[in-house]
Amino acid sequence: MLDYAPDRTKLPSTIDIGHGVIQAEYLNRANNVAAAINRRIDPHARGEPTCYAYKVLLPPNAPDALDDHHALCARFEAQMIPAQVDLMSVTTFRHPHEVPHHLAWRRTLAFIGEKCVDHFHVAGIAIQHVPGLASRDSKPHIHFLAFARILRGSTFGSFSPLVKPGAKALVGKEWAAWLKVHP
């Protein structure tokens, strides 16, 4: 499912996240925001959500009408600039198997809401996967797909720090600090 350019920055082994940027084209294949989101909401391609959970996350000043990923994608695509390359950032927060899924979800959403959505004014969608349900050994994880440009009201503006160099290290440092305070 790799549809993004991964950030290969090395982090301490205690910080179990991945990060990258979904671009308009990756490995000679065209990307768009709706398809990138749908690949994660329905990873088994059944035509319906098969992820464990998902939720749209909006900055405080965004209109309620964008609290639907279809509407949010349509608004973003309508406001893309010509030849825009970066579409979204994707950050994956992995959790130990022993952490209850509801706790991982609540803890990660709180972090994303405060440190990404509210602080950077990005809109996005959090998507939880539990690979064990499909007989896979990978850790349960939550993807946060953030639109590449900040959202003020209903207008996508400048590019977010989450698509710029150093974003993985920035999020990783904040995540480690968050987990110390919110075990």
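Residue F144 forms a side-chain contact (heavy atoms from CB on, under 4.5 Å) with just one option from L57, I17, V90, T92, and that option is L57.
Contact between L66 and S154 at its shortest, heavy atoms only, is CD1-CA, 4.4 Å. G153 approaches P63 most closely through the heavy-atom pair O-CD, 3.1 Å. Minimum interatomic distance between A123 and L58 (heavy atoms only, all atoms of both residues): CB-CD2, 3.9 Å. Nearest heavy atoms, P140 versus P131: CA-CD, 3.8 Å. The two atoms that bring A65 and A71 nearest to each other are O-CB, 3.5 Å, heavy atoms only. The two residues A169 and L11 come nearest to each other via the heavy atoms CA-CD2, 3.9 Å.
A donor-acceptor pair shorter than 3.5 Å cannot be found between the side chains of H129 and S138.
Linking ILVMFWY side-chain heavy atoms closer than 4.5 Å, directly or via other members, places I150 and F147 in two distinct hydrophobic clusters. Residues V130 and L103 fall into different hydrophobic clusters, defined by Ile, Leu, Val, Met, Phe, Trp and Tyr side chains chained together at heavy-atom separations under 4.5 Å. Clustering ILVMFWY residues whenever any of their side-chain heavy atoms sit less than 4.5 angstrom apart, transitively, puts L109 in a cluster other than the one holding L145. Under a hydrophobic clustering in which Ile, Leu, Val, Met, Phe, Trp and Tyr are joined whenever their side-chain heavy atoms come within less than 4.5 Å, directly or via other members, Y54 and F76 fall into the same cluster. Both W175 and L170 belong to a single network of hydrophobic side chains, linked directly or stepwise wherever heavy atoms of I, L, V, M, F, W or Y lie under 4.5 Å apart.
We find the CZ-SG distance between R40 and C51 to be 11.5 Å, quoted to the nearest 0.5 Å. Taken from CZ in R94 to CD1 in I15, the straight-line distance is 12.0 Å, to the nearest 0.5 Å. Between the CG atom of D68 and the SG atom of C73 there is a distance of 8.5 Å, given to the nearest 0.5 Å. Between the CG atom in N31 and the CG atom in D86 there is a gap of 11.5 Å [rounded to 0.5 Å]. Between M88 atom CE and I125 atom CD1 the span is 8.0 Å, to the nearest 0.5 Å. If you take CG on L87 and OH on Y4, they are separated by 15.0 Å, rounding to the nearest 0.5 Å.
Inter-residue side-chain proximity for R107 and F93 is flagged as unmet; no heavy-atom pair is nearer than 4.5 Å. With contacts defined as side-chain heavy-atom distances shorter than 4.5 Å, the pair V117/P59 qualifies. Taking 4.5 Å as the limit, every side-chain heavy atom of D16 sits out of range of all side-chain heavy atoms of H141. Between V33 and M80, the closest side-chain pair of non-hydrogen atoms is not below 4.5 Å.
Side-chain atoms of N38 come within 3.5 Å of backbone N or O of A34 as a donor-acceptor pair. In this structure a side-chain-to-backbone donor-acceptor pair under 3.5 Å is present from H19 to L162. A distance-only check finds a donor-acceptor pair linking the side chain of H97 to the backbone of D137 [under 3.5 Å]. With hydrogens and angles ignored, the 3.5 Å screen pairs no side-chain donor or acceptor of E174 with any backbone N or O of K115. Side chain of R149 to main chain of Q79: a donor-acceptor pair is present (N/O by atom type, distance under 3.5 Å, no hydrogens or angles). Between the side chain of K168 and the backbone N or O of T9 there is at least one donor-acceptor pair closer than 3.5 Å.
Heavy atoms of other residues, nucleotides or ligands lying less than 6.0 angstrom from NZ of K55 number 12 at most. Residue N61 places its CG atom among more than 12 non-hydrogen atoms of other residues, nucleotides or ligands, all under 6.0 Å distant.
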- Task: List the steps and the verdict of side chain to side chain contact (heavy atoms under 4.5 Å, CB included) for L72 and I37.
- Result: CA-CA 11 Å; L72 189 57; I37 289 170; over 6 Å; no
- Assess whether side chain to side chain contact (heavy atoms under 4.5 Å, CB included) is satisfied between T108 and Q128, documenting all intermediate values. CA-CA 10 Å; T108 307; Q128 186 175 27; over 6 Å; no
- Query: Where do F111 and H182 land on the ring pair (Phe, Tyr, Trp, His ring centres under 6.0 Å) test, with the steps shown first?
  - Reply: CA-CA 9 Å; F111 171 79; H182 305 88; 9.1 Å; no
